[in-house]
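Some notes on the structure that comes next.
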Number of protein chains: 2
Amino acid sequence: MNPEIFENIIKFINQFVDFKEEELIALQNKIEIVQLKKNEIFIQEGEIADRIAFTNKGYLKVYYYHEGEEITRDITPLHSFATALPSFVSQTPSFEIISAITDCELITINKSDLEYLYSSFPKWERLGRRIIEEMFVESQRRIYSFITETAETRYKKLLKQYPDMIRDVPLKYIADFLGIKLQSLSRLRKSLEW
Amino acid sequence: MNPEIFENIIKFINQFVDFKEEELIALQNKIEIVQLKKNEIFIQEGEIADRIAFTNKGYLKVYYYHEGEEITRDITPLHSFATALPSFVSQTPSFEIISAITDCELITINKSDLEYLYSSFPKWERLGRRIIEEMFVESQRRIYSFITETAETRYKKLLKQYPDMIRDVPLKYIADFLGIKLQSLSRLRKSLEW
DNA sequence: ATAATAGTTTAACATTTGTTAAATAATATT
DNA sequence: AATATTATTTAACAAATGTTAAACTATTAT
């Protein structure tokens with residue numbers, strides 16, 4: 001297992017748990033590559049999320065409808081995992097929607113195959129736990145930033161951490177992610193011009 | 001294993017993974033009960049977090065210093081798990097501090113014992129994953145609330161979900177948790193009086 | 001190339017939240 | 001009981017963000 005396409009996911013996985021070449025074969029058989037065009041939907045509202053995705057290329061957004069308006073909670077950074085977790089873990093209809101902000105290449109695995117890996121190889125269960133721990137820590141960091149930082153600081157940090165994201169993702173979604181309105185972000189950007 | 005003291009933690013655990021009486025014995029031997037008086041510290045800044053706690057009684061806060069000021073990111077609800085996760089997972093000095101808002105009774109287990117359970121019994125690793133998944137989902141919910149809701153709505157929901165917490169926890173911490181200043185919370189409470 | 005659509009900015013005004021400072025209330029300590 | 005400490009409220013003013021509506025710009029489809 002090592003065509004170029006798996007380079008990023010292997011690098012990601014090996015941050016958490018050390019897998020040998022052979023062990024990754026079990027994964028390779030379960031994987032499905034999904035190509036999404038911009039605006040195509042990966043997980044639809046009301047549907048049961050049965051796949052988890054690693055973003056090999058492109059950006060996904062996780063959003064839902066709040067008072068008739070679409071609100072983006074998450075923009076998945078390159079080379080990270082995404083799924084509608086509440087739906088995925090409990091196999092209930094998803095209120096979250098996941099779609100492609102840009103053209104995407106996703107490395108996906110479905111729920112039952114993942115459960116199979118978890119049950120058959122403790123190392124995979126460990127990987128699952130380690131990844132979700134990391135996601136949780138990142139989520140907590142974001143909560144801190146909502147509590148202690150102004151929108152301006154949050155924007156500056158995002159700009160620094162993911163300059164490509166701000167180039168490739170419409171500002172509407174960035175604004176949602178930061179927790180402000182598009183117009184406020186625009187004003188804020190203007191004030192930072194000098 | 002079933003003195004009254006373990007009732008809540010067993011109930012909590014069994015939501016996620018079904019353990020038999022015997023299987024819980026392995027846990028019982030590893031557990032340490034910690035009693036904290038109000039304001040006592042469970043995990044200190046700079047110290048490596050080597051214990052995880054289940055709050056059997058009382059409320060903990062998770063906070064850190066931001067520009068010289070203490071900011072509470074989390075108030076742990078009754079009967080939930082808490083640790084300074086970034087420190088706990090990587091065994092590096094903690095920037096987060098955890099202390100008792102009220103007198104607390106904690107059921108704790110240390111890192112190496114937990115690792116032992118994880119490695120020896122896949123079911124425990126699964127439990128760890130399921131719990132952290134749930135914590136992550138809750139964390140995401142909170143991010144949604146920062147993005148879409150006003151402080152007033154966040155306060156009302158907290159009041160509804162954890163009425164006891166608002167009775168037992170000083171408003172300063174509630175305000176931090178909601179992402180607003182104490183004075184703003186006070187104003188908001190006044191506006192809700194009628 | 002032109003028209004349609006999507007993305008971004010601008011501006012005036014409204015609302016929410018922050019800041020500073022003080023007063024009041026509740027609780028803990030001597 | 002008196003005093004000190006901690007928690008909460010109040011108020012005036014400042015700053016940040018939201019709202020509404022429109023203009024402008026870039027991109028996509030015909």
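Numbered from 1 within each chain, the chains take letters A, B, ... in sequence-line order. Bear in mind the structure is a predicted one, so any value in this text is a computation, not a measurement.
A salt bridge is absent between B:R126 and B:E133; no separation between the charged side-chain nitrogens and carboxylate oxygens falls under 4.0 Å. Under a 4.0 Å N-O distance rule, the pair A:K156/A:E152 qualifies as a salt bridge.
The nearest whole Å value for the distance from the NZ atom in B:K37 to the P atom in C:dT29 is 12 Å. Here C:dG7 presents its P atom at 14 Å from CG of A:D168, a figure rounded to the nearest Å.
Between B:H79 and B:F54, the ring-plane angle classifies as parallel under the 30° and 60° cut-offs. Ring planes of A:Y116 and A:F121: perpendicular class, angle over 60° (limits at 30 and 60°).
Side-chain polar atoms of B:S184 and B:R187 form a donor-acceptor pair below 3.5 angstrom.
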B:E115/B:K111 under salt bridge (charged side-chain N to carboxylate O under 4.0 Å, His left out): CA gap, chis, key distance, verdict: CA-CA 6 Å; B:E115 291 292 344; B:K111 170 92 175 171; 3.3 Å; yes
Protein proximity profile, nucleotides 4-22 of chain D - base contact B, sugar-phosphate-only contact S, no contact -, cut-off 4.0 Å on heavy atoms: ---SBBB------BBSBB-
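With the end axes of the helix from C:dA1-D:dT30 to C:dT30-D:dA1 each set by five pairs, the angle from one to the other reads 50° at 10° resolution.
B:R51 is listed as a side-chain neighbour of B:E32, based on a closest heavy-atom distance under 4.5 Å.
Aromatic ring centres of B:Y144 and A:Y64: separated by under 6.0 Å.
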